[in-house]
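First the proteins, then the strands, lettered A, B, ... as listed; each starts at 1.
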Amino acid sequence: MDEELHERVRDTVAAIPEGTVATYGDIAALAGASTPRLVGRVLGEDGHDLPWHRVLRADGTPAKHLREEQCARLLEEGVMSRNGRVDLTRYRWRPERG
DNA sequence: GGCATGACTACTT
DNA sequence: AAAGTAGCCATGC
């Protein structure tokens, strides 16, 4: 497997600032992954030490089995949610644009 | 190599 | 809003 890609994804997820969120697609793009599915795979394997709760789906909804955990953890960081859906237009992570 | 699975996304109906 | 279809690609058998 591509360990470089594996670490890139981890670094990117770890770089998500507190109080913000990012989509799998964003992580994939920033990490250089060709598909967001690889992001989910990395988190599933070694994301246990990462702020995975800041990673959401493109709709602002978390992964099904994490729906409760995501919402609870994000609440701790001040990220409000609506019926289990986060407002990406409000909390989406914006990398330092200079 | 082929088949099935998965923390996904976009398009169409 | 919800369901169906296509694209994506690494992992395990």
Query raised in the report: Reading nucleotides 6-13 of chain B 5' to 3', which nucleotides get B (base under 4.0 Å from a protein heavy atom), which S (sugar-phosphate only), which -?
Result: BBBSS---
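Using a 4.5 Å heavy-atom cutoff, the side chains of A/I16 and A/L50 are not in contact. Looking at heavy atoms from C-beta onward, A/W52 lies in side-chain contact with A/Q70 at the 4.5 angstrom threshold. In this structure the side chain of A/R92 reaches within 4.5 angstrom of the side chain of A/T23, judged on heavy atoms.
A/E77 and A/H53 form a side-chain donor-acceptor contact under 3.5 Å, judged by distance and modelled atom types alone.
Separation of the C1' atoms belonging to C/dC13 and B/dG1 is 13 Å when rounded to the nearest angstrom. Only the P atoms considered, C/dA1 is 16 Å distant from B/dA10, to the nearest whole Å. Comparing the same atom, P, in C/dG7 and in B/dA7 gives a spacing of 22 Å after rounding to whole Å.
A search for side-chain hydrogen bond (donor to acceptor under 3.5 Å, both in side chains) contacts involving A/D11 returns nothing, not counting sequence neighbours.
Within 4.0 Å of A/R85, counting heavy atoms only, lie sugar-phosphate atoms of the nucleic acid but no base atom.
Atom C1' of nucleotide C/dA1 and atom CG of A/N83 are separated by 12 Å, given to the nearest angstrom.
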Report task. Evaluate the side chain to side chain contact (heavy atoms under 4.5 Å, CB included) criterion for residues A/Y91 and A/R54: first the C-alpha distance (whole Å), next the side-chain angles of each, then the deciding distance (0.1 Å), finally the verdict. Result -> CA-CA 10 Å; A/Y91 296 108; A/R54 298 185 193 143; over 6 Å; no
